[in-house]
Student: 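Structure in structure tokens, see below.
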There are 2 protein chains.
Amino acid sequence: MSITIKEIAKLAQVSTATVSMILNKKDQCIGDATREKVLAIAAEHHYIPNNAARSLVTRKTNTIGLIMPDITNPFFPEIARGAEDKASESRYSIIFCNTDDSERQEEKYIDILTEKMVDGIIFAHAAESEEGCSGLNKCKLPVILIDRDYNNENVKGRVVVDNEKGSYSGVSHLIKQGYRKILYIAGAIKTQTAKDRLAGYRRALSENLIDYKDYYVKSGSYRREWGYEAMGQFLNENIPFDSVFCGNDLIAFGAIKKLKEAGYRIPEDIGVVGFDDIYVSSMMEPALTTVKQPNYEMGYRAVELLIDVLEKKNLESNHKIVLDTELVVRNSTRLLK
Amino acid sequence: MSITIKEIAKLAQVSTATVSMILNKKDQCIGDATREKVLAIAAEHHYIPNNAARSLVTRKTNTIGLIMPDITNPFFPEIARGAEDKASESRYSIIFCNTDDSERQEEKYIDILTEKMVDGIIFAHAAESEEGCSGLNKCKLPVILIDRDYNNENVKGRVVVDNEKGSYSGVSHLIKQGYRKILYIAGAIKTQTAKDRLAGYRRALSENLIDYKDYYVKSGSYRREWGYEAMGQFLNENIPFDSVFCGNDLIAFGAIKKLKEAGYRIPEDIGVVGFDDIYVSSMMEPALTTVKQPNYEMGYRAVELLIDVLEKKNLESNHKIVLDTELVVRNSTRLLK
DNA sequence: CTGAAAGCGCTTACAG
DNA sequence: CTGAAAGCGCTTACAG
């Protein structure tokens with residue numbers, strides 16, 4: 001146990017109110033002599049404030065909850081790091097929670113974070129469904145949504161990625177390189193994210209006067225296995241193609257695996273573009289061009305926005321920050337036609 | 001704001017003490033009628049306890065700090081997940097902190113966690129040096145060290161990996177496959193981890209009557225660039241070899257890159273074994289056999305041990321848990337000689 | 001079996 | 001410029 005404010009007050013022969021004010025820098029109106037004496041005593045005894053006591057009266061904990069599906073999914077560490085960096089800069093801490101996409105877990109963590117009196121929550125609701133998140137509806141805390149947009153009245157802000165534009169830029173890149181028959185292996189299809197990415201794909205095609213064909217598109221899940229399987233289906237169906245746009249990098253890895261097994265070279269024979277740019281992309285598949293999601297920034301900006309909402313007491317806020325993707329072109333040895 | 005204990009007491013016409021006891025299940029001696037009435041009211045008003053108030057008197061927050069170098073380093077998410085899973089099972093939360101191997105950051109976070117009154121700290125001090133961690137010396141909180149062993153009186157336990165045995169098993173595997181001239185590209189050399197891994201390498205050699213040669217071993221850092229560079233040096237020096245044991249997987253990736261550039265096939269020509277088994281190993285380099293560190297388990301066991309220390313008030317504890325590695329053999333197509 | 005009371009360490013009007 | 005006092009919501013001896 002560290003020394004308390006009361007003990008400092010006794011040593012300095014002042015009241016606890018004075019000590020409190022000095023320690024909190026609300027001391028415009030306090031004599032220099034008093035201030036110095038108090039500060040000296042606090043330093044000497046290595047005073048550490050008791051946040052529980054402070055929180056009890058201020059109703060602030062300087063703690064933020066970060067709810068996400070799974071930190072071991074390589075998609076999330078960057079977000080977590082961005083969030084923690086901004087939090088730490090602003091003297092907040094982050095409590096992190098893994099939900100494994102389970103609504104029950106989400107609810108449970110929202111309850112726990114409420115008990116812990118966190119000041120707000122950064123929430124990555126990554127379930128495939130667009131239905132309501134029941135936990136969110138009950139939640140009394142300010143929430144910033146990340147990555148996936150979602151309608152809910154408790155949400156005070158969102159930080160998302162411009163999926164339509166990202167997808168557009170990836171597909172346009174393929175077209176500029178001379179590819180024309182571009183398959184699309186999507187992950188989910190019902191979510192807004194998936195719809196936006198598909199829209200970008202279509203816009204790139206149409207602006208380049210390429211017809212959109214239904215049978216060039218397959219949707220499944222954001223997993224490597226799906227990329228592998230979907231690619232296999234396309235090959236079986238003998239659909240002519242010269243390139244593949246994938247809903248995320250994992251799908252791309254699966255597709256590339258299948259393509260390589262079938263004897264294709266990447267990208268000399270077949271151009272492949274993924275989405276997300278998870279950590280392994282550059283190490284694992286130097287041929288994979290990727291539409292990179294700014295995940296670090298997403299975490300960072302989300303915390304920034306939350307703190308803004310908290311400190312301005314701007315509880316009616318409903319900001320939406322849309323981040324741009326970046327096209328990371330790797331080893332595209334194919335020449336322009 | 002949720003309802004308070006006082007309001008429940010008023011509604012139920014009992015004292016707050018009674019309500020508190022019932023809610024905390026310290027109610028062996030309380031009448032069923034009273035209990036049911038209180039519980040019903042609490043449920044009806046969706047009572048959520050205020051942890052700050054509780055912590056103030058119990059001096060417990062049910063929160064644990066996790067200090068590690070960097071969650072975006074693929075080594076750490078598994079640890080973090082294991083820790084969070086165990087914490088969550090036992091109704092604890094985890095505050096996570098990234099230090100970037102900086103002692104200043106470590107100290108800063110220890111101070112913050114002390115203010116936040118976490119019950120204890122899981123600490124991955126990953127600096128290369130074996131010198132003191134000044135933050136740890138000042139720290140008043142119980143600390144469990146993970147991954148790297150380290151002497152300090154505030155440490156109440158450690159969860160580490162049997163590096164000597166792991167290294168021994170990896171090198172033995174190479175020998176069993178018929179390789180005899182085994183290079184060793186180490187990361188750091190001064191740390192205990194590095195020394196243990198070297199010791200395991202030597203023991204495997206000696207048990208198989210293979211001479212240890214100084215010039216077969218190079219040490220640098222745990223980075224891909226170092227693996228690439230060291231492999232280049234070995235090639236330049238024209239040292240005869242048939243396999244490489246690497247201090248970690250990243251080094252192995254670098255070494256493999258150089259080997260492939262030099263025209264070798266893995267593992268047909270050259271056997272390579274890494275250490276750690278970071279996430280990408282299996283996806284990226286299917287030829288890479290790895291001594292896998294049980295990182296998830298490390299996080300899990302560390303929190304388990306910490307909670308044990310906390311709840312048994314066993315503050316004199318100095319447990320050391322040594323986890324075994326697991327050899328993950330991938331695509332070892334080389335035949336036994 | 002239950003209640004009255006003290007107290008955890010702090011902040012915040014308010015009075016002077 | 002500073003102090004006395006109330007109170008945040010809870011738990012814990014203690015008394016009955």
Side-chain angles (χ1 to χ4, degrees), chain A residues 1-39 41-42 45-63 91 112 114-119 140 313, chain B residues 1-39 41-42 45-63 91 114-119 140 311 313:
Chain A
M1 288 314 314
S2 141
I3 191 175
T4 69
I5 226 174
K6 210 163 143 190
E7 298 172 281
I8 296 180
K10 190 184 290 177
L11 289 171
Q13 317 222 53
V14 297
S15 76
T16 60
T18 305
V19 176
S20 172
M21 289 171 123
I22 291 171
L23 261 18
N24 289 305
K25 313 236 191 298
K26 294 183 179 168
D27 55 353
Q28 320 81 324
C29 59
I30 284 185
D32 287 348
T34 317
R35 180 185 5 261
E36 273 164 37
K37 188 162 53 171
V38 167
L39 253 20
I41 294 172
H45 294 266
H46 198 60
Y47 170 73
I48 296 175
N50 179 323
N51 256 282
R54 174 183 287 167
S55 296
L56 186 55
V57 16
T58 61
R59 321 211 134 265
K60 274 216 61 179
T61 53
N62 272 13
T63 305
R91 309 227 79 216
I112 290 175
T114 306
E115 280 191 31
K116 291 259 153 93
M117 299 221 311
V118 299
D119 299 327
K140 305 292 184 207
K313 313 269 185 242
Chain B
M1 286 313 316
S2 142
I3 192 175
T4 69
I5 228 174
K6 210 163 144 190
E7 297 172 280
I8 296 180
K10 191 183 290 176
L11 288 171
Q13 317 222 56
V14 297
S15 75
T16 60
T18 306
V19 176
S20 171
M21 287 170 122
I22 291 171
L23 261 18
N24 290 304
K25 312 235 190 302
K26 294 183 179 167
D27 55 354
Q28 322 81 322
C29 57
I30 285 186
D32 286 346
T34 316
R35 182 191 356 266
E36 272 164 38
K37 187 162 50 167
V38 167
L39 254 18
I41 295 174
H45 295 266
H46 198 59
Y47 170 72
I48 297 175
N50 179 325
N51 256 280
R54 174 182 288 166
S55 296
L56 186 56
V57 15
T58 60
R59 319 209 137 268
K60 273 215 63 180
T61 53
N62 271 30
T63 305
R91 309 227 77 215
T114 306
E115 279 190 32
K116 291 258 154 91
M117 299 221 311
V118 301
D119 299 328
K140 305 293 184 208
E311 308 209 326
K313 314 266 186 245

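Numbered from 1 within each chain, the chains take letters A, B, ... in sequence-line order. Predicted, not measured: the structure shown is a model, and the values here were computed from it.
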Student: Are any non-hydrogen side-chain atoms of A/R54 and A/N24 less than 4.5 angstrom apart?
Tutor: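 Yes; the side chains approach each other to less than 4.5 Å.
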
Student: With a 4.0 Å cut-off on heavy atoms, is A/E7 in touch with a base, just the backbone sugar-phosphate, or nothing at all?
Tutor: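 If one applies the 4.0 Å heavy-atom cut-off, A/E7 turns out to touch nothing in the nucleic acid.
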
Student: So what's the dot-bracket for DNA chain C: Watson-Crick or G-U pairs under 3.5 Å, [ ] if a pair crosses, | if it pairs off-strand?
Tutor: |||.||||||||.|||

Student: Quick check: closest heavy atoms across A/K60 and A/N62, and the distance to 0.1 Å?
Tutor: NZ-OD1, 3.2 Å

Student: Looking only at non-hydrogen atoms, find the nearest pair between A/Y47 and A/I3 and report the distance.
Tutor: CD1-O, 3.2 Å

Student: On a heavy-atom basis, which atom in B/I22 and which in B/R35 lie closest, and how many Å separate them?
Tutor: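 Closest approach of B/I22 to B/R35: CD1-CA, 3.6 Å.
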
Student: Set out, line by line, the N/O atom pairs under 3.5 Å between protein and nucleotides 6-8 of chain D.
Tutor:
from  : atom 1 : to    : atom 2 : distance (Å)
D/dC8 : O3'    : A/R59 : NH2    : 2.6

Student: Please identify each residue that fulfils side chain to side chain donor-acceptor pair (under 3.5 Å) with B/K116, with sequence neighbours left out.
Tutor: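 Once residues adjacent in sequence are excluded, the partners of B/K116 under the side chain to side chain donor-acceptor pair (under 3.5 Å) criterion are A/S93.
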
Student: What distance separates B/T16 OG1 from B/L23 CG, expressed to the nearest 0.5 Å?
Tutor: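 That separation rounds to 11.5 Å.
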
Student: Mapping A/A52 and B/T18 to their closest nucleotides on DNA chain C, which lands nearer the 5' end?
Tutor: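 Mapping each residue to its closest nucleotide by heavy atoms, the 5'-most match is B/T18.
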
Student: Take the protein atom NZ of A/K60 and the nucleotide atom C1' of C/dT12, then report the distance between them rounded to whole Å.
Tutor: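 Those two atoms, NZ and C1', are 17 Å apart.
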
Student: Atom CG of B/L23 and atom C1' of D/dG9: how far apart are they, to the nearest Å?
Tutor: 12 Å

Student: For A/I8 and D/dT2, what is the distance between atoms CD1 and P respectively, to the nearest whole Å?
Tutor: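 Those two atoms, CD1 and P, are 16 Å apart.
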
Student: For nucleotides 13-16 of chain C, give me every protein contact, N/O to N/O, under 3.5 Å, one pair per line with atom names.
Tutor:
none

Student: Output the rounded distance in Å from NZ (A/K37) to P (D/dC1).
Tutor: 15 Å

Student: For A/Y47 and C/dC10, is the shortest distance between a side-chain N/O and OP1 or OP2 below 4.0 Å?
Tutor: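 Yes, A/Y47 has a side-chain N/O under 4.0 Å of OP1/OP2 on C/dC10.
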
Student: In whole angstrom, what separates B/N24's CG from D/dG9's P?
Tutor: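 Nearest whole value for this atom pair: 17 Å.
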
Student: Can you sort out the partners of B/T61 under side chain to side chain donor-acceptor pair (under 3.5 Å), two or more places apart, ordered by chain and number?
Tutor: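 Only B/D119 meet the side chain to side chain donor-acceptor pair (under 3.5 Å) criterion with B/T61.
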
Student: Where do B/M117 and A/A52 come nearest, in terms of heavy atoms and distance?
Tutor: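 Closest pair (atom of B/M117, atom of A/A52, distance): CE-CB, 3.9 Å.
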
Student: Taking CD from B/Q13 and P from C/dT2, how many angstroms apart are they, rounded to a whole number?
Tutor: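 Spelled out: CD on B/Q13 to P on C/dT2 is 13 Å.
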
Student: Within this structure, what is the CZ-to-C1' distance between A/R35 and D/dT2, rounded to whole angstrom?
Tutor: 13 Å

Student: For residues 5-15 of chain B, which side-chain donor-acceptor pairs fall under 3.5 Å, sequence neighbours excluded?
Tutor:
from  : atom 1 : to    : atom 2 : distance (Å)
B/E7  : OE1    : B/T4  : N      : 2.9
B/E7  : OE1    : B/T4  : OG1    : 3.2
B/S15 : OG     : B/A17 : N      : 3.4
B/S15 : OG     : B/T18 : N      : 3.3
B/S15 : OG     : B/T18 : OG1    : 3.1

Student: Write down the distance between CD1 (A/I48) and P (C/dG9), rounded to a whole number of angstrom.
Tutor: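 Checked: the CD1 to P distance equals 14 Å.
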
